[in-house]
Peer 1: 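Submitted below is the structure of interest, expressed as structure tokens.
This structure is a prediction, so every number in the text was calculated from the model and none was measured. Just so it is clear, the values below take in all heavy atoms, side chains as well, and ignore hydrogens, waters and symmetry mates.
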Amino acid sequence: MKEKKTDLRIIKTKNLLYSTLIALLKDYTFEEIKVSDICNKALINRSTFYAHYSDKYELLSSCIQDIKEELASKLRSNTNISNTKEYYMEMLDLFLTHIDENRELFSSIIINNKNSVIMDIFYATINADLTKRLKEEDKRYESIVPEEIITNFYVGAVVNVSMKWLTDYQKYTKADLIGFLDCLIPDKIGEKK
């Protein structure tokens, strides 16, 4: 029983540190933030911080890793799709939903801090999922475009359009964006005619 309380306290402390870091990132660049700033705003002792993280970089890395794992899990749920375009459109929906659910964090890191770490994570996570899907599709048709070109092209499109939506999200709804992208994506991605 005591072990569960400890786990809950650890989870609560880590969530508090995540949210505190996100709040600070709204007003300061990551480089300007000190561990003492995080501790003061979270109302915890430095020893509590250091019991969980060696420094602010490890805190940021842990926060980003959790978001990456959450995105990868959502993308893995995209299984009941009959062709590559349907898969791609569902992936877009899942990705945009993920961005919307984590808008505060992404806005703080990307917009205010111009940090490419999130972009790199998005590229890597979506690329891995799309590459896996295209390998499965290769069994069904012969592609005239190399797999790596297809993935780089579409991953770049997804991430760049999504980042534009994140920075100017009031201009278009998620449904608008998905509709626009549906018009731009061919029905047979990379397939010989």
Peer 1: Apply the test side-chain contact (heavy atoms from CB on, under 4.5 Å) to residues F49 and L59: give CA-CA distance (whole Å), side-chain angles for both, the deciding distance (0.1 Å), then the verdict.
Peer 2: CA-CA 9 Å; F49 178 92; L59 170 62; 3.8 Å; yes
Peer 1: I need the minimum non-hydrogen distance between C39 and R46, along with the two atoms involved.
Peer 2: SG-CA, 3.7 Å
Peer 1: To the nearest 0.5 Å, how far apart are CD1 in I178 and OH in Y172?
Peer 2: 15.0 Å
Peer 1: Is the charged tip of K56 near the ring of F30: under 6.0 Å from the six-membered ring centre and within 45° of its axis?
Peer 2: yes
Peer 1: Could you check if a side-chain atom of K34 sits within less than 4.5 angstrom of a side-chain atom of I38, using non-hydrogen atoms only?
Peer 2: no
Peer 1: Decide whether N45 and T48 meet the rule of one side-chain donor and one side-chain acceptor closer than 3.5 Å.
Peer 2: no
Peer 1: Quick check for you: to the nearest 0.5 Å, what is the distance between H52 atom NE2 and E58 atom CD?
Peer 2: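 One finds 11.0 Å between NE2 of H52 and CD of E58.
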Peer 1: Do the non-hydrogen side-chain atoms of D37 and Y28 ever get within less than 4.5 Å of each other?
Peer 2: no
Peer 1: Assess the residue pair F95 and K74 against the criterion (side-chain contact (heavy atoms from CB on, under 4.5 Å)); give the C-alpha distance rounded to whole Å, side-chain angles, the decisive distance to 0.1 Å, and a yes or no.
Peer 2: CA-CA 8 Å; F95 183 59; K74 285 181 181 178; over 6 Å; no
Peer 1: Ignoring hydrogens and angles, state whether a donor on the side chain of D55 or Y50 is under 3.5 Å from an acceptor on the partner side chain.
Peer 2: no
Peer 1: Measure the CG-CG distance between D182 and D93 for me, rounded to the nearest 0.5 Å.
Peer 2: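 It is 11.5 Å, given to the nearest 0.5 Å.
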Peer 1: Please check: side-chain N/O of E69 versus main-chain N/O of D66, any donor-acceptor pairing under 3.5 Å?
Peer 2: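 Checking the backbone N and O of D66 against the side chain of E69, no donor-acceptor pair under 3.5 Å is found.
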Peer 1: Are D100 and K174 packed together at the side-chain level, in the sense that at least one heavy-atom pair is separated by less than 4.5 angstrom?
Peer 2: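 SC-SC contact between D100 and K174 ruled out.
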Peer 1: Heavy atoms, side chains only, cut-off 4.5 Å: are E70 and E101 in contact?
Peer 2: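 E70 reaches E101 side chain to side chain.
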Peer 1: If only side-chain N and O atoms count, and only distance matters, is there a donor-acceptor pair under 3.5 Å linking Y18 with S62?
Peer 2: yes
Peer 1: To the closest 0.5 Å, what do you measure between CG (L96) and OG (S162)?
Peer 2: 4.5 Å
Peer 1: Quick check: is L17 connected to L43 through a chain of hydrophobic side chains (ILVMFWY, heavy atoms under 4.5 Å apart)?
Peer 2: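 No: no chain of side-chain contacts under 4.5 Å links L43 to L17.
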Peer 1: So L177 and T173, do their side chains get closer than 4.5 Å, heavy atoms only?
Peer 2: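 No, every pair of side-chain atoms sits at 4.5 Å or beyond.
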Peer 1: CG of L16 to CZ of R9: how many Å apart, nearest 0.5 Å?
Peer 2: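 That separation rounds to 14.5 Å.
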Peer 1: Before giving the answer on side-chain contact (heavy atoms from CB on, under 4.5 Å), spell out for H98 and L94 the whole-Å C-alpha distance, their side-chain angles and the decisive distance to 0.1 Å.
Peer 2: CA-CA 6 Å; H98 183 71; L94 292 168; over 6 Å; no
Peer 1: Answer yes or no: are there more than 12 heavy-atom neighbours, outside F153 itself, under 6.0 Å from its atom CZ?
Peer 2: no
Peer 1: Determine whether Y154 and I185 satisfy the following criterion, side-chain contact (heavy atoms from CB on, under 4.5 Å), listing intermediate values before the conclusion.
Peer 2: CA-CA 9 Å; Y154 285 104; I185 298 169; 4.3 Å; yes
